[in-house]
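Just below is one structure, and these are the notes that go with it.
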Amino acid sequence: EVQLVESGGRLVQAGGSLRLSCAASGFTFDRYAIGWFRQAPGKEREVVSCISAGNTSIYYADAVKGRFTISTDNAKNTVYLEMTSLKPENTAVYYCAAQNWVVSGCALILVNEYRNWGQGTQVTVSS
């Protein structure tokens with residue numbers, strides 16, 4: 001059974017940094033793409049970043065390029081999202097998701113094609 005558990009979200013001031021963690025079990029990173037998503041109140045869930053199966057490619061949304069970094073620790077079965085220079089508009093619930101996907105890079109996976117989701121972690125950036 002695929003399980004994903006996010007952690008690391010909290011209240012932080014604008015300009016600050018956070019590292020989110022996604023502890024994964026039930027699958028291996030060489031067959032699954034992993035994505036970080038966020039959903040702000042009243043808005044649709046959107047992709048923030050993703051890493052393809054086998055770490056073959058990485059995608060970042062334009063809004064976070066240069067500020068956020070996705071990485072994996074295969075030994076710990078954990079995916080991280082390092083967030084720097086945070087802005088109030090980054091306030092949202094952040095989710096990690098995983099999908100068995102080796103046919104293409106993760107940038108081509110639609111949000112609704114991910115079948116496995118964590119419960120989310122709240123990130124609040126104060127101005």
Side-chain angles (χ1 to χ4, degrees):
E1 179 187 6
V2 173
Q3 290 190 330
L4 301 162
V5 180
E6 302 96 332
S7 61
R10 61 177 175 86
L11 174 65
V12 63
Q13 287 189 334
S17 300
L18 277 179
R19 188 177 77 163
L20 304 183
S21 300
C22 174
S25 60
F27 66 97
T28 56
F29 292 164
D30 61 339
R31 300 289 302 176
Y32 277 68
I34 311 293
W36 280 101
F37 300 80
R38 64 188 178 191
Q39 188 165 19
K43 294 189 177 181
E44 292 188 354
R45 192 169 298 188
E46 61 179 4
V47 63
V48 175
S49 178
C50 67
I51 188 164
S52 300
N55 288 11
T56 53
S57 65
I58 288 175
Y59 166 83
Y60 294 102
D62 288 343
V64 306
K65 280 181 182 176
R67 297 189 299 119
F68 290 13
T69 303
I70 190 171
S71 62
T72 62
D73 184 332
N74 290 357
K76 296 182 178 180
N77 289 335
T78 300
V79 183
Y80 300 101
L81 184 68
E82 191 80 36
M83 306 187 293
T84 64
S85 301
L86 283 163
K87 306 174 183 180
E89 54 263 41
N90 299 143
T91 294
V93 178
Y94 283 71
Y95 300 88
C96 68
Q99 183 58 31
N100 189 333
W101 192 279
V102 296
V103 296
S104 68
C106 65
L108 298 180
I109 306 173
L110 301 177
V111 174
N112 60 9
E113 290 179 308
Y114 282 87
R115 293 289 179 262
N116 306 286
W117 292 84
Q119 83 288 350
T121 186
Q122 176 71 48
V123 173
T124 302
V125 184
S126 64
S127 57

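Sequential numbering from 1 along the given sequence is applied to the chain's residues.
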Not counting sequence neighbours, list each pair that qualifies as a salt bridge (charged side-chain N to carboxylate O under 4.0 Å, His left out) and has a residue in residues 1-27.
-> none
Please name all residues satisfying side chain to side chain contact (heavy atoms under 4.5 Å, CB included) with Thr28, sequence neighbours left out, ordered by chain then number.
-> Asp30, Arg31
Would you mind listing the cluster partners of Leu110? Hydrophobic ones only (ILVMFWY), side-chain contacts under 4.5 Å, chaining allowed.
-> none
Kindly give the cluster partners of Val102, where membership spreads through any ILVMFWY side chain lying under 4.5 Å from a current member.
-> none
When rounded to the nearest 0.5 angstrom, what is the spacing between CD in Gln99 and OG in Ser52?
-> 12.5 Å
How long is the span from the OG atom in Ser49 to the NZ atom in Lys65, to the nearest 0.5 Å?
-> 10.5 Å
Sorted by first residue and then second, give each disulfide (SG to SG under 2.5 Å) pair with at least one member in residues 97-127; sequence neighbours left out.
-> Cys50-Cys106
Sequence neighbours excluded, the answer for salt bridge (charged side-chain N to carboxylate O under 4.0 Å, His left out) partners of Glu46 is Arg38
Qualifying residues under side-chain hydrogen bond (donor to acceptor under 3.5 Å, both in side chains), relative to Asn116, sequence neighbours excluded | none
side-chain hydrogen bond (donor to acceptor under 3.5 Å, both in side chains) partners for Asn55, two or more places apart = Thr72
Supply the atom-to-atom distance Gln122 CD to Leu11 CG, rounded to the nearest 0.5 angstrom.
-> 9.5 Å
Set of side chain to side chain contact (heavy atoms under 4.5 Å, CB included) partners for Ser7, sequence neighbours left out = Ser21
Does a donor on one side chain sit under 3.5 Å from an acceptor on the other, for Asn90 and Arg67?
-> yes
Minimal non-hydrogen separation, Ser85 against Ser17, with atom names | N-OG, 4.3 Å
Considering only Ile, Leu, Val, Met, Phe, Trp and Tyr, and joining two whenever side-chain heavy atoms are under 4.5 Å apart, list the other residues clustered with Leu86.
-> Val2, Leu4, Val12, Leu18, Leu20, Phe27, Phe29, Tyr32, Ile34, Trp36, Val48, Ile51, Ile58, Tyr60, Val64, Phe68, Ile70, Val79, Leu81, Met83, Tyr94, Val123, Val125
Which residues pass the side chain to side chain contact (heavy atoms under 4.5 Å, CB included) test with Glu89, sequence neighbours left out?
-> Lys87
Check which hydrophobic residues are tied to Trp101 through side-chain heavy-atom contacts below 4.5 Å, counting indirect links as well, and list them.
-> Phe37, Val47, Tyr59, Val93, Tyr95, Val103, Ile109, Val111, Tyr114, Trp117
